[in-house]
Amino acid sequence: MDIHLGSGSKLDAAAFVAAGKKRKRVVDEDADSAAGSGDEAEESYEEVKMPVSALESLTKDLKEVYTVLQKSTARGRLLAEQFRSANPSFEPICSHITKSDCLKARSAAFSTTPATICDRVHFRPLIRPHTDPALGHCSYLNTCYSEPTYAQSPSIPPLPSSQNHMSAQWPKPQLPSGLGAGGRGKEKAPCRYLHYEVDWDAGDAGKGDDVKKDTTMRKKPYRLGIGLGPMGKGLTTLPPQWINCDLRRFDYSVLGKFHVIMADPPWDIHMSLPYGTMTDDEMRAMPIPALQDEGLLFLWVTGRAMEVGRECLRVWGYTRIDEVVWVKTNQLQRVIRTGRTGHWLNHTKEHMLVGMKTNIDADGNLKFPPWVNRGLDTDVIVSEVRETSRKPDEAYGLIERMCPGGRKIEIFGRKHNVRPGWLTLGNQLGGDQIFEEDLATRIRTRYPERAVNVSTVPQYS
């Protein structure tokens, strides 16, 4: 794209040529031939001193244009402020990992004053008899099946500085079937790589000399008007609902229609997995079309399932409109280098296909539901890995911003997937919890032998 700001402001294409390259001099062959100068008619080259970068070659006006283009828009800033977490639980991690390395780095930086460790999260290495520190840290760290701490919590627990640390109850997930702490599968060979745990002492709070307390009063943010979802108005969000069932045989027609579907199927990716899988034919036969007349489908895929997933979208009557990529990080916020899946490359990411129920207008164009909010989020999520098959919370936030309100269902969910405003289906959920009376009535009619109790919506003060 050429940008003109008056005369002489057009960006020269030569600015994008690598520095030190030679530029060919244009030779008028007819003129040289007429002059009869054979030696002078030969192609000649001249050294051209190129700029270090294309940006430096821009004129002053173009640099101003470039600066303006790089600034975030007012709409983007307002949306970021509106969807900011009210009670953020993010704890920044020190880039030096351990307290000793942090102290050394800060001593070098603050040579005039006695240095102390920073106020960020630090870790201590877990050295066991079988650990070989020379191997470096394990890519899975606290999600390593061979690590005993996996049975405690795959996520970083709240630090003692948190206000609710005394009552914090984080889940203690069960180990995947066939795998356990202290061994990998049948071999039972312990992991020899380094693992870490949070290194927190009672006196750590406030040690850092660069701790700044935010005492500024925040103004009430301006609320940018966005779509309110299918209902067109704000509604009270129901508590989490779930139904424990065999997803291959359950009658989906009793569930009604949904505006959003999210599914994380147990794809048969031709690898050893700690859970049962479904064949491609079983996936194609899933009665997904019965759940929607119009709306969005978010389908998690990985490995060969990316192609099968796209095929399933077509079979179910959906058009793929986008794709979200989850980049996985570990306990130290490093990108996972060794994935548990992948035949040719180690998988460090997962994909979530975004499909839309295929409805065509009179002109043959795809009809987009008017209640879908577009352009609010990016298509990349960077988030820490937790329990097996547990997806990042950011994915739910993305979906709920695209479709505020409305009915949402998650298929192939587990107990850690249940979420307010969602109905979760799975075979590891325990007793049912239902708050929609009409849904409970339809299930009782279809399955009279099934014990269905309608829970009462709790009243919050």
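Keep in mind that the numbers below use all heavy atoms, side chains included, and drop hydrogens, waters and symmetry copies.
The closest side-chain donor-acceptor pair between Thr279 and Asp281, if any, does not fall under 3.5 angstrom.
By the salt bridge (charged side-chain N to carboxylate O under 4.0 Å, His left out) test, Glu410 pairs with no residue at all, sequence neighbours left out. Scanning for ring-ring contact (aromatic ring centres under 6.0 Å, His included) contacts around Tyr66 gives an empty result, with sequence neighbours left out. Arg401 is linked by a salt bridge (charged side-chain N to carboxylate O under 4.0 Å, His left out) to Asp377, counting only residues two or more places apart in sequence or in another chain. Applying the salt bridge (charged side-chain N to carboxylate O under 4.0 Å, His left out) criterion to Lys367, with sequence neighbours excluded, gives no partner residue. Shown here are the ring-ring contact (aromatic ring centres under 6.0 Å, His included) partners of Tyr396, two or more places apart in sequence or in another chain: Trp422. Not counting sequence neighbours, the partners of Thr73 by the side-chain contact (heavy atoms from CB on, under 4.5 Å) test are Arg75. Arg192 is linked by a salt bridge (charged side-chain N to carboxylate O under 4.0 Å, His left out) to Asp132, counting only residues two or more places apart in sequence or in another chain. Arg320 is linked by a side-chain contact (heavy atoms from CB on, under 4.5 Å) to Arg310, Leu313, Glu323, Leu353, counting only residues two or more places apart in sequence or in another chain. With sequence neighbours excluded, the residues that form a side-chain contact (heavy atoms from CB on, under 4.5 Å) with Lys349 are Val325, His351. In terms of the side-chain contact (heavy atoms from CB on, under 4.5 Å) criterion, Asn427 has no residue partners (sequence neighbours excluded).
Judged purely by atom type and a 3.5 angstrom limit, Trp242 has no side-chain atom pairing as donor or acceptor with the backbone of Arg419. With hydrogens and angles disregarded, a donor-acceptor distance shorter than 3.5 Å links the side chain of Trp326 to the backbone of Ser383. Lys357 contributes a side-chain N or O that, together with a main-chain N or O of Pro289, makes up a donor-acceptor pair within less than 3.5 Å. Between the side chain of His195 and the backbone N or O of Tyr193, at least one donor-acceptor pair lies under 3.5 Å. In this structure, the side chain of Thr358 engages the main chain of Gly317 through a donor-acceptor pair within 3.5 Å. Proximity of a side-chain donor or acceptor of Asn417 to a complementary backbone N or O of Thr424 within less than 3.5 Å is not detected.
When the shell of 6.0 Å around NZ of Lys104 is examined, it contains 12 or fewer heavy atoms from other residues, nucleotides or ligands. The number of heavy atoms from other shown groups lying within 6.0 Å of CZ (Phe250) is above 12.
Comment: Lys391 engages Glu350 in a salt bridge, judged by a side-chain N to carboxylate O separation of less than 4.0 angstrom. The pair Asp264-Arg390 fails the salt-bridge criterion, with no side-chain N (NZ, NE, NH1 or NH2) lying under 4.0 Å from an Asp/Glu carboxylate O. Taking 4.0 Å as the cut-off between side-chain N and carboxylate O, Arg450 and Asp432 count as a salt-bridged pair.
Annotation: side-chain hydrogen bond (donor to acceptor under 3.5 Å, both in side chains) contacts involving residues 433-443, sequence neighbours excluded, comprise Gln241-Glu436, Arg407-Glu436. Legend: ring pair (Phe, Tyr, Trp, His ring centres under 6.0 Å) pairs involving residues 355-392, not counting sequence neighbours, sorted by first then second residue: His259-Trp371.
Proximity of Thr131 to Leu194: side-chain heavy atoms (C-beta onward) are separated by under 4.5 Å at one or more points.
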